[in-house]
Structures are given as structure tokens and as C-alpha cells.
Amino acid sequence: MGLSKTIWATPGEYLRNHAPDHPVLFFSPAILQATARRFIKGFPGLVTYAVKSNPDEEVLANLVAAGIRGFDVASPVEMDTIARIAPGAAMHYNNPVRSRTEILHAVKLGVRSYSVDSHSELVKLGELVPADGVEISVRFKLPVEGAAYNFGAKFGATVEKAVELLTLASQLGFTPSLTFHPGTQCTDPHAWDKYIRAAAGIARDAGVKLARLNVGGGFPSHRLSDIAPQLETTFDLIGRVAREAFGEDVPALVCEPGRGLVAESYSLATRVKAIRDDAHVFLNDGVYGGLSELHLVGVIDRIGVFGPHGVARGGEPVFRTVFGPTCDSLDKLPSELAFPAEMEEEDHVIFYGLGAYSVATATKFNGFGQITVETVQSHR
Ligand SMILES: *Cc1c(COP(=O)(O)O)cnc(C)c1O
């Protein structure tokens, strides 16, 4: 017998009935499943989910229910979770640096796809993973702009090295593929254009026909009211450029979104602890909690402010500096936010589109960060 839990129509309905003094995340399974179906319908290839962006088990179960059959995993814990929640789903072990113990764990769980960006790690895989049709995806990087921050700083072989690694992976008997990640929150679709054309060049120079091309995550979520991401335009561009660049040898395409899939399904209600001397706003959550990546990726200006009994506040926008609850001076949002003039202490400020890198990275620093999760039909 399962426990049934309340599904609120919106966060506003919940706030009409409660006045939580701790941060509350609102999760909409309906929105998550709709976004997953949008990816599956629009992306010209296999859609997998990057587990690290939000490993909540309800998220994973809803993605499976919506038809997601593959997952980008980076650690034994993530692999064990997928093996349990989504038995039989494909696991792509796309963390290019692994210990021998971690590799053996993956082999034991039947993982059949690994990314690699260095010679030493490829040799290690060659020693521990029986080739037997297993895929090695060489991860490469380009100096391309467009994302909120650059993933190439940590991972990715140069184009020249990718040619060598692809040749060697093929010689070792692995199924040769390529992968890249244009950087998270990549709002410029032309980054994919450059990467896909470079991938075709690498395959040509290595004299290898690619089995698959994994075009990464990086699909942006809606953070700033004025900039709505154009997912379908990006999907179409990816399909068209792959056909142009590879011609007859076009590989099967794979994507592994984290943020783009999960962000919109959550919102976060914080509470105004104080408007200190009518200037700065102090919220009960900040960069050590659910708002942890704002100082890396930039502020989210999609907010709603609710007074007592969930009544939406109005009035002229007033720009204010925003601090989180801890005593660390870093605990501050990277830019001011516009709040309605009517806002008062104890109001709730809801941030929309906060499903990625929020629950996943929240800490309990300084005794804060007790976040609870409520289920909603939709966010507004
Ligand atoms: C984090 C990560 C992703 C997901 O990135 P998003 O920007 O959240 O879409 C995909 N692939 C790999 C290898 C990653 O490390």
C-alpha cells in the first residue's frame, strides 16, 4: 500500500494554507514529464538524462515514466541508483576520470558506454573493460563561447588529441564515438554547430566511422524573463548540421541534458526574514542552499512574491540586494532583484525554474538548508 500525498494546484495554494519558515521546493511531475516528452519528440536521436543535475528518485522515476531510457552517470552511487530505479536503462559513464575500483563497479553493473579524454584513462579502460562492442566516446573541446561557464576548463581533449584517441579506441576493438559538452546553460545554439562540424573533422582525420555522436547537455533553462530558450530551434539545428557535416556517415545522435530537462519542474519558496533598514533583503535560503549556483550562472529574475494567505504582492518594482541566511558574506545573490514595492517581512519569494543544481548541491551550512519538497500540479 503506497502513501498518498497531497498534490497542490500551485505553490500559491500551498502558501494559502501554510506559512513555512524554512525553504520549500515545489516539484511538478506533470511539468517534468511534459519537458521529457518535448525532448523525446524534438531531439533527433536518443535522449538521456544527466543524473547529477537532480538525482532525486522521484525525478528519475518520472523521467522513466515519460519514456527516458538512458542516463549519464558519473559515480558508483549514481549507477546503483539507476540500476535500482530504472533497471535495464542504458548507463553512459561519461565522467572521463575514474578509479580502477569505479571502473570495475561499472563493468559489474553492465555499463557499455564510457567517455574518455586522455591516453592514460583510455589505456586503463582497455585493461579493465572487455571491448566486446562496448562504446568509447572520446570527449573533445573547442574554444567556443555561448555557455554560462566553460566545461572545457576541466574535461575534453584537443581536436588533435581526439584524433589519436579515437584511432586508438577503434584499434582496441571498442565501438568508436565522440562526445562534447558545450558548457552549461548554453544560450547560443551555434556552439553546437561548431562542435558538430569539428566532430566530423575528427572522425575524418582518424579515418573512423562514428557509431554515435553525443552532443552533450548544456541545453538552457528559462532563467531571465526576457530570454526564453528555443529548444526546438536548437534540436533542428543539431539534426541539420549533423547531416550536412557527416553526409552519408551521419552517426546516431545522443543528448544528455540535465538542466534543460529538469529545471522547469521545480520552484523554490523562500521567506523574507528581514528588509534591513528598508534596503537589503535577507531570505531564508541562499547560495549555500537551493540558490547555490546563482553566483556561477547568474541570477534568476523569474520570481513571484506572496503575502499572507498566498496573496500575490503588487506595486512598482524596487531593486534590492539579496542576502542568504548564513553569516558568510559570500552568501549574496550576484545581482539585485526587482521586488514589488508592497513586499514585507515574512512574505514568500518564489524562484521559478529551479530544478537543476539546487537540491543536488544544497548544504546545511551554518544550520540552515532544511528544505522540504511539496508536489504541485503547476507552478503558477
Ligand atoms: C553535467 C553534465 C551534463 C549535464 O549538463 P547540463 O548543462 O545540466 O545540461 C551532461 N553531460 C556531462 C558529461 C556532464 O558532466
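Numbers here simply count residues along the sequence, with the first being 1. First listed ligand is number 1; within each ligand, the first listed atom is number 1.
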Distance-only criterion, 3.5 Å: show the donor-acceptor pairs between side-chain atoms of residues 223-231 and protein atoms not counting sequence neighbours.
from: Arg223; atom 1: NH1; to: Glu293; atom 2: OE2; distance (Å): 3.1
from: Arg223; atom 1: NH2; to: Gly298; atom 2: O; distance (Å): 2.8
from: Ser225; atom 1: OG; to: Asp301; atom 2: OD1; distance (Å): 2.8
from: Gln230; atom 1: NE2; to: Ala228; atom 2: O; distance (Å): 3.0

* Enumerate the atoms of ligand 1 whose separation from the nearest heavy atom of Thr184 is less than 4.0 angstrom. => 6 (P), 7 (O), 8 (O)
* Asked: Which atoms of ligand 1 sit under 4.0 Å from any heavy atom of Tyr357?
  -> 1 (C), 4 (C), 5 (O), 6 (P), 8 (O)
* Structure fact -> Near Ala50 (heavy-atom distance under 4.0 Å), the atoms of ligand 1 are 3 (C), 4 (C), 10 (C)
* **Greater than 12 external heavy atoms within 6.0 Å of Lys332's NZ** => no
* Hey, which atoms in ligand 1 end up nearer than 4.0 Å to a heavy atom of Asp72? -> 10 (C), 11 (N), 12 (C), 13 (C), 14 (C)
* Phe306-His348 aromatic ring centre distance below 6.0 Å -> no
List the atom pairs, with distances to 0.1 Å, where a side-chain N or O of residues 160-176 and a protein N or O form a donor-acceptor pair under 3.5 Å, not counting sequence neighbours.
from: Thr167; atom 1: OG1; to: Val163; atom 2: O; distance (Å): 2.7
from: Thr175; atom 1: OG1; to: Gly133; atom 2: O; distance (Å): 3.2

* Asked: Mind checking whether Gln185 has an N or O less than 3.5 Å away from an N or O of ligand 1?
  -> no
* Asked: When the aromatic ring centroids of Phe319 and Phe339 are compared, is their separation below 6.0 Å?
  -> no
* Asked: Going by the atom numbers of ligand 1, which of them fall below 4.0 Å from some non-hydrogen atom of Gly258?
  -> 4 (C), 6 (P), 8 (O), 9 (O)
* Asked: Quick one: which ligand 1 atoms are inside 4.0 Å of a heavy atom on Asn94?
  -> 13 (C)
* Which of the atoms in ligand 1, numbered in the order shown and given with their element, are less than 4.0 Å from a heavy-atom of Pro257? -> 9 (O)
* Asked: Are Arg276 and Phe282 in a cation-pi contact, defined as NZ or CZ under 6.0 Å from the six-membered ring centre and within 45° of the axis?
  -> no
* For the pair Glu13 and Arg16, find out whether any cationic side-chain nitrogen is under 4.0 Å from an anionic carboxylate oxygen. => no
* Do the charged groups of Arg197 and Glu244 touch, with an N to O distance under 4.0 Å? -> yes
* Asked: Quick one: which ligand 1 atoms are inside 4.0 Å of a heavy atom on His181?
  -> 2 (C), 3 (C), 4 (C), 5 (O), 6 (P), 7 (O), 10 (C), 11 (N), 12 (C), 14 (C)
* Asked: Does Arg139, backbone or side chain, put an N or O under 3.5 Å from an N or O of ligand 1?
  -> no
* Is there a heavy atom in Ala356 that sits closer than 4.0 Å to ligand 1? -> no
* **Short N or O distance, Ser53 and ligand 1, threshold 3.5 Å exclusive** => no
